[in-house]
Structure formats: C-alpha cells, structure tokens
Amino acid sequence: MRLSEYLFQTHREPQGEAELISHQLLLRAGLVRQVASGIFAYLPIGQRVKRRIEDIVREEMDAIGGQEVSLPVVQPAELWRESGRWQQIGSEMARLKDRNDRDLCLAMTHEELVTSLVRDVIRSYRQLPCLLYQVQTKFRDEPRPRGGLIRVREFTMKDGYSFHADADDLDAWYDRVYEAYANIFRRCGLDAVAVRSDPGMMGGSDAHEFMELSPSGEDTILSCETCGYRANRQVARCRKTPPAREDQLPLEEIHTPGTATIDDLARFMDIPKTKTAKALFMVATMADEQGAAVDEQAAVEKTVVDRFVFAVLRGDMELSETKLANAVGALQLRPATPEEIRAVGAEPGFGSPLGIDRSRTLLVVDDLIPSCFNLVAGANRVDYHVANVNYGRDYEADLVTDIAAAGDGSACPSCGSALRADQGIEVGNIFKLGDKYSKAMDTGYLDRENVSRPIVMGCYGIGIDRLIASIVERHHDEHGICWPVSVAPFQVILVDLSGGDPHVSDVAAAVYDDLAEVGLEVLYDDRDDRAGVKFNDADLMGIPVRLTVGGRGVKKGVVELKVRRSGEMIDVPLGDGLAEAVKKVLTTCL
RNA sequence: CGGGGUGUAGCGCAGUCCGGUCAGCGCACCUGCUUUGGGAGCAGGGGGUCGGGGGUUCAAAUCCCCCCACCCCGACCA
C-alpha cells in the first residue's frame, strides 16, 4: 500500500480528552476516531489491526472445532421474553420498535438467538457436541463509557457457545476453550491470566475471566503468589480466622454519641473493629415468581419485586455486593435510603439485627459472625449501641454465608498466604451456563433411549476492541505503538527518502515490489515529505520493521533496516536476498 | 443517576469575569519558490451559523434562561 494513496492521519499533538495511553496513541496514530460517547469508527489502519486479531481468534476457535456463524444484531423481543431477560435487563439494553410497533432490541449478547437456532436445528445426541462462534457487533448502553476502547457501548466481540449432552462433556470442552483462549492472548502479545469470576447475569456455575494486568484496568484481581489462587475481587474468597472463644455476656445498651461509623465507634469505645458488628442496608431487585400468576398481561412486563436486605459483617470487613447479590438471588442491588431503613425499624448509622421488622427483611449474616462473641452492634436508636451481641442467642439470620469482600493482604483461601491486589483489563471470559437457557427456551435433544433432555451450554467471549487497547497499553514506548508482528497493521514500512532523485525512488519502488512478491505486507511511504516526518509517523504507527531507502544507502548498495521495538539497525544489501532477509528478521521479533 | 468540568476551523487552544475591528493563534490542508536522513523556511490561500434555542441590548462568542453533547470522579457494569 502506498501511503500517498492511503486514508490515514497522524496527529503530532496529544488529543485532549484521552487520558489512557492506549486511547491517546490509537487516536494519534490514526487508528480510530470517536463518533459518540463509547462509539468509535475504525480507519483503514485500525481496521487492519482489528482484522488481524479477529483472524487469530478464528484460527484458534477453528482449531478446537469451532464453527463460525453470523447472528443478527437486531432481534425480536419475543426471544428475550422467553429467557426472561427482556424484563430482567435494565436500560443497558437498547430497545426499539419497528414500523408495525413490534418490540426489537439491539443484541448485547447472543445466548437467546443462538439457543433458538440450536432449538430449531439440533434434534439428536448425534449432533452434539457443537461449538458455534461469531465475530459480531454488540451494543450495550453502558452508564459510563470510558478509557477509549477499554469500555465502549458499541463493540466487536467474538462470542462462542457450546452445546452438550451432559455436564461432563461441557467440562471437557470448557477446558479446550480455556486453552484456545490462552493461545489467542499469547499470540496477541498479552500475558492474560485466568481468574475465577462472577457468572453474573449470564447465570450458570463455573466462570473464568482472562485478565491482562494493567494499571488502566477497571477490575481488581486478587492473587496468591504462593499457591496460584486467583480471583476477581468481586467473588474472591479469603480465609477468616475466628477469634478466641469467650463467655457470652449479658446485653447492655450503651450511650455512644456521634458514632455513626465503625471507625468512630471503635475509637469511642477503645475497642478493635473486630469486636464490632457492621450493619448494611440494601434493596434487592428479584424475580417475582408469584407475580407471574396474578395477571398474564402484567406478568410479561413486570415480574420483578424489591426486597429489603439487611447484611451483617464483622466491623473490620467490607461487604462484597456481588456475593450478597448472588446469595439472595438478586438481579440488582442498591443501597437503601434512610427512609427505607427506618421503615423496617432500623436506624442509619446505628443499625442492628435486633428488634427490626423481620417480616419485611431478609437478614443475611456473614459466616464469620456466628463464631464471634460479644460484639458491639447498633441499637436502632440514634447515639446508642448494644454491647455483647451474640449470634444464636440474640438473633438468627435468614441466611448465613460468605458475603465479605477479600482485599489486598487478605489470607488466601487455599493456603493462607497474603493475597495481592492488581488492576486488570478483562479481555475474555468463559462461563458454564448449564441448562439455564436451554430450559427457559425449551431446547432439548433426544438421547440414545429416545428420551428428551435439556442441552447443556457454555459460552465464551472475547472483547476485540479492548483487546486492541490492551495490546497498546502493553506495547508502546515514548515514540508510539510497538505492535507485535502478529497483529501489526503492516509488517514493514518502506520509507522512500529519495527526495526527488529518480534513481533512488526507482530503487525504493523495486524494493517494494520485491517485498510484495514474497507476500510481505508493506506500507510504502512514498509521500513527498521530509525524513523526520516519515520516521516519526513510522514510529507512532508502530510497524515492526522499517526499511529506509535513501541516497546514502543506495550508493553503498544497501537499505537500512530498523527494528521498531528494539531500535536495532542493520544494513541489508540490495538485491535478490533482501526480501528473504527482511522475512527472517520478522520471524525473530515479537 | 449524583458531583465536577468542557463545548470557538480537521486537531490543540486564546478570547468569555469587564458586551463594541475578537473571528484569532499553533498544527494540519491548498498554491508557489527554496530546502531535503528524525516533525523545514518564506510568501500567498481555503476553511468556523463561536454546541443549539430563546431572552436582555443600539450591539452578544462574551450577560440571563432552557436544552444538547462530550470528558473526569462516584454509582453501575454480560
């Protein structure tokens, strides 16, 4: 490709609104332009990178037996009503109507569509297992897009779905996909690690996220260097050491003016935070099974109900909202308002599980609490607490389970060493969905005995756009991007420094032809510009190998080769061996 | 959705407090000449309903009201 004919634009100056280095470089090197919040257009050079990554993904998915499909982005509401997600998902799903007033939506994921497809096509166990995937646009109306391509609203995703006769077969394929993912990220020049994650709105049991560690990441990963345990902070477990046994003392109300926080309380009473109980008030939005029976018409539109949730943790621990939401089966969880808190008989800042209206409250207690003795809890009365509260003697919960968040320094759940917290970008994820969608959407197969069984499913995603951003975050220097050869938009940039000397420019053109002939992808900078402009653009765009054809070299019968990443320079003789020499260099760089 | 901020040429900005040659600067772009191995120089040139609408005024980029967009922090996040 001749640069003089290529639609591209580099920017000398930083672009104002971009804060992340990847965002800044993608804009400056002219790969993308922002169209609206969280919506980007790819220019030709950006599209080339995107295509290369997609092709790597395709190769690896095909290698484990994946079959590519293409599913629509605009989908009828009926499918989403079948799975229940039309009602469950909020405003992050973009909805529209067609000219006949039928409800449609823009797909934010494709479980419903692919399940319906399989329902229509798969009849027999002989057709299983089956792994389908696509590289397709998704739209999620994120509340707050940010960080350039890290978190966008319209994006390209490789999403894959596998279908199995039973859970064992899913497990086996899950591991195959896991390996394929490791290959994909490695080939893209990333060091993504797999961590245990929250299945979230996808439902299902086992789930992993592939995280590229980066300070620009939005997720926090807790990892144990001793035993290798790794998990997203949302679901990470930690070892909780129960305190020494004590005799249970009688309850005692105490005056504690102005101690609405645990810190204040511990200071006021001169006790460690581990001797206090923390109360948190949330409102959970849950599926309402009863509501569905009341009115068929209303049931379609309104099948959720709010429930007040009272959570109790030891004072030194923090609540994991994800764990709590999963424990109570909440679709959404939000902090309760002071009015809602008082309505159940509690008092903000002085909340206690004792004496509240239990008929309107779901009381969830962290599993460490029953092993704690004589805690100081609120009195549900401003400026008062109650001392010597003991679980079992004084109150019992609706649910006792792990709802505490692990953090930096928490004890590893498997070996007890200190966990370390890192930021990471989620570049991919894999879920065992089980039969959630196949049951909801009545998708089964006939087994050997002619018995109908629900299909067992897995699903597997890779965010292509944030993968690009992650690669740039990892592979750049002060001059610009340093693309790994595997994903570079071109392998070679050929810089013509003839300065109007026809002999030299003829040599450059000949070199270009030679390189093209051996199948190299070459960007030929034939622009009428000065050397500095060309070199700086080449560095900014990050093409792995730069060849410079100038009067100086041509006199000596060489072109100068520069490796972008290392800065290493070598003279390569002009002639038949040149193209092969360049190829050889390319195989040795990343 | 709460808090903060920004909208002036393709990009980056000044001008806004204090209405009146304020439609300006740098980069980019076009023409010509010179230059030519790390973002050249000179000369000339094109391009903007100053985010939108309403209002105040003899006069609004500038003051007032409403709306919109975008960014950052938080909430949220298959």
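The chains referred to below are lettered A, B, ... by the order of the sequence lines, with proteins before strands, and numbering in each begins at 1. Quick caveat, the model's predicted, so the values are computed rather than measured. Both backbone and side-chain heavy atoms feed into the values below; hydrogens, waters and symmetry mates do not.
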5′-ward residue of the pair Glu426(A)/Pro14(A) relative to RNA chain B: Pro14(A)
message: When both hydrogen-bonding distances must be under 3.5 Å and the geometry is Watson-Crick or G-U wobble, what is G47(B) paired with, if anything?
response: none
message: So, applying side-chain contact (heavy atoms from CB on, under 4.5 Å) with Phe163(A), which one of Leu131(A), Thr443(A), Val456(A), Val114(A) is it?
response: Val114(A)
Please output the side-chain donor-acceptor pairs of residues 537-550 of chain A that fall under 3.5 Å, not counting sequence neighbours, one pair per line with the distance.
{"from": "Asp537(A)", "atom 1": "OD1", "to": "Thr10(A)", "atom 2": "OG1", "distance (Å)": "2.7"}
{"from": "Asp537(A)", "atom 1": "OD2", "to": "Thr10(A)", "atom 2": "OG1", "distance (Å)": "3.4"}
{"from": "Asp537(A)", "atom 1": "OD2", "to": "Arg527(A)", "atom 2": "NH1", "distance (Å)": "3.2"}
{"from": "Asp537(A)", "atom 1": "OD2", "to": "Arg527(A)", "atom 2": "NH2", "distance (Å)": "3.1"}
{"from": "Arg546(A)", "atom 1": "NE", "to": "Thr548(A)", "atom 2": "OG1", "distance (Å)": "3.4"}
{"from": "Arg546(A)", "atom 1": "NH2", "to": "Glu560(A)", "atom 2": "OE2", "distance (Å)": "3.4"}

task: Would you kindly give the CD-to-P distance between Glu142(A) and G74(B), to the nearest whole Å?
output: 15 Å
- prompt: Taking OP1 and OP2 of C71(B), is either one under 4.0 Å from a side-chain nitrogen or oxygen of Ser37(A)?
  reply: yes
message: Taking Lys556(A) first and then Asp571(A), would you say they form a salt bridge - that is, a charged N and a carboxylate O separated by under 4.0 Å?
response: yes
field: Phe490(A) six-ring face occupied by Arg48(A) cation (under 6.0 Å, within 45°)
entry: yes
- prompt: Rounded to the Å, how far apart are Arg527(A) CZ and A28(B) P?
  reply: 12 Å
Using nucleotides 40-42 of chain B, report all nitrogen or oxygen pairs with the protein that are shorter than 3.5 Å.
{"from": "A40(B)", "atom 1": "OP2", "to": "Arg530(A)", "atom 2": "NE", "distance (Å)": "3.2"}
{"from": "A40(B)", "atom 1": "O4'", "to": "Arg530(A)", "atom 2": "NE", "distance (Å)": "3.4"}
{"from": "A40(B)", "atom 1": "N9", "to": "Arg530(A)", "atom 2": "NH1", "distance (Å)": "3.4"}

task: Report the residues that fulfil salt bridge (Lys or Arg N to Asp or Glu O under 4.0 Å) with Asp506(A), sequence neighbours left out, ordered by chain and then residue number.
output: none
message: To the closest 0.5 Å, what do you measure between CD1 (Ile468(A)) and CG (Leu149(A))?
response: 6.5 Å
field: Salt bridge present between Asp402(A) and Lys323(A) (N-O < 4.0 angstrom)
entry: yes
query: How close or far is atom P of A75(B) from atom CE of Met282(A), stated in whole angstroms?
result: 11 Å
Mate of A40(B) where both pairing distances stay under 3.5 Å, Watson-Crick or G-U: U34(B)
query: If you measure from the P atom in U21(B) to the same atom in U16(B), how many Å do you get, rounded?
result: 13 Å
- prompt: To the nearest Å, how far apart are Asp537(A) CG and G37(B) C1'?
  reply: 15 Å
- request: Under a 3.5 Å limit for both distances, which nucleotide forms a Watson-Crick or G-U wobble pair with G2(B), could you say?
  value: C73(B)
field: Charged N-O contact under 4.0 Å between Glu111(A) and Arg85(A)
entry: yes
- prompt: Do NZ/NE/NH1/NH2 and the carboxylate oxygens of Asp171(A) and Lys432(A) come within less than 4.0 Å?
  reply: yes
query: Nearest to the side chain of Gln9(A) - C76(B), C27(B), A28(B)?
result: A28(B)
- request: In whole angstrom, give the distance that lies between atom CZ of Phe535(A) and atom C1' of G37(B).
  value: 5 Å
- request: Please give the nucleotide sitting opposite G19(B) as a Watson-Crick or G-U wobble pair, both distances under 3.5 Å, or none.
  value: none
- prompt: Nearest of G10(B), C27(B), C70(B) to any side-chain atom of Ala36(A)?
  reply: C70(B)
field: Arg564(A)/Asp477(A) salt bridge by N-O under 4.0 Å criterion
entry: yes
More than 12 heavy atoms of other groups within 6.0 Å of Glu318(A) CD: no
I'd like a table of atom pairs between the protein and nucleotides 2-8 of chain B - only N or O on both sides, under 3.5 Å - with the distance next to each one.
none

Length of the CD1-C1' vector between Ile89(A) and C76(B), whole Å: 15 Å
message: At 4.0 Å (heavy atoms only), tell me whether Glu321(A) reaches a base, stays on the sugar-phosphate, or touches nothing.
response: sugar-phosphate
task: May I ask you to list the residues of residues 18-28 of chain A, by number, that have any heavy atom positioned under 4.0 Å from an atom of RNA chain B?
output: Glu19(A), Arg28(A)
- prompt: Rounded to the nearest 0.5 Å, how far apart are CG of Leu494(A) and CG of Leu497(A)?
  reply: 9.5 Å
statement: Ranking G74(B), G39(B), G37(B) by distance to the side chain of Arg552(A), first place goes to G37(B)
Qualifying residues under side chain to side chain contact (heavy atoms under 4.5 Å, CB included), relative to Ser216(A), sequence neighbours excluded: Leu20(A), Ser214(A), Glu473(A)
task: Could you tell me whether Gly147(A) contacts a base, only the sugar-phosphate backbone, or nothing, with contacts defined as non-hydrogen atoms closer than 4.0 Å?
output: sugar-phosphate
- prompt: How long is the line joining CG of Asp525(A) and P of G39(B), in whole Å?
  reply: 15 Å
task: Could you check which residues of residues 553-575 of chain A get a heavy atom under 4.0 Å from RNA chain B? Sort them by number, please.
output: Gly553(A), Glu560(A), Lys562(A)
query: Tell me: CD of Gln34(A) to C1' of C70(B), nearest whole Å?
result: 7 Å
- prompt: Nearest 0.5 Å, what's the OG1-CD1 distance between Thr109(A) and Ile89(A)?
  reply: 8.5 Å
message: Considering only residues two or more places apart or on different chains, which pairs with a residue in residues 22-37 of chain A satisfy salt bridge (charged side-chain N to carboxylate O under 4.0 Å, His left out)?
response: none
- prompt: Is the Tyr437(A) to Tyr161(A) ring centre distance short of 6.0 Å?
  reply: no
task: Would you tell me whether His110(A) and Gln134(A) have side-chain atoms, one donor and one acceptor, within less than 3.5 Å of each other?
output: yes
- line: The salt bridge (Lys or Arg N to Asp or Glu O under 4.0 Å) partners of Glu154(A) (sequence neighbours excluded) come to none
message: In terms of relative ring orientation, are Phe40(A) and His23(A) parallel, tilted or perpendicular, with 30° and 60° separating the classes?
response: perpendicular
- request: Name all residues meeting the salt bridge (Lys or Arg N to Asp or Glu O under 4.0 Å) criterion together with Glu212(A); count only those two or more places apart in sequence or in a different chain, and write none if there are none.
  value: Arg474(A)
task: Pick the P atom in U62(B) and in C17(B), then give their distance to the nearest Å.
output: 9 Å
task: Test for a donor-acceptor pair under 3.5 Å between the base of G39(B) and the side chain of Asp529(A), counting only N and O atoms.
output: no
- prompt: Mapping Gln15(A) and Lys534(A) onto RNA chain B by nearest heavy atom, which one lands closer to the 5' end?
  reply: Gln15(A)
Positions of residues 540-548 of chain A (non-hydrogen atom under 4.0 Å from RNA chain B), listed by number: Arg546(A), Thr548(A)
A60(B) - base-pair partner by Watson-Crick or wobble geometry, distances under 3.5 Å: none
query: Now, which nucleotide makes the Watson-Crick or G-U wobble pair with C13(B), with each of the two distances under 3.5 Å?
result: G24(B)
Kindly give the atom pairs (protein nitrogen or oxygen, nucleotide nitrogen or oxygen) under 3.5 Å for nucleotides 45-47 of chain B.
none

message: Please confirm whether the ring centroid of Phe210(A) lies under 6.0 Å from the ring centroid of Tyr178(A).
response: yes
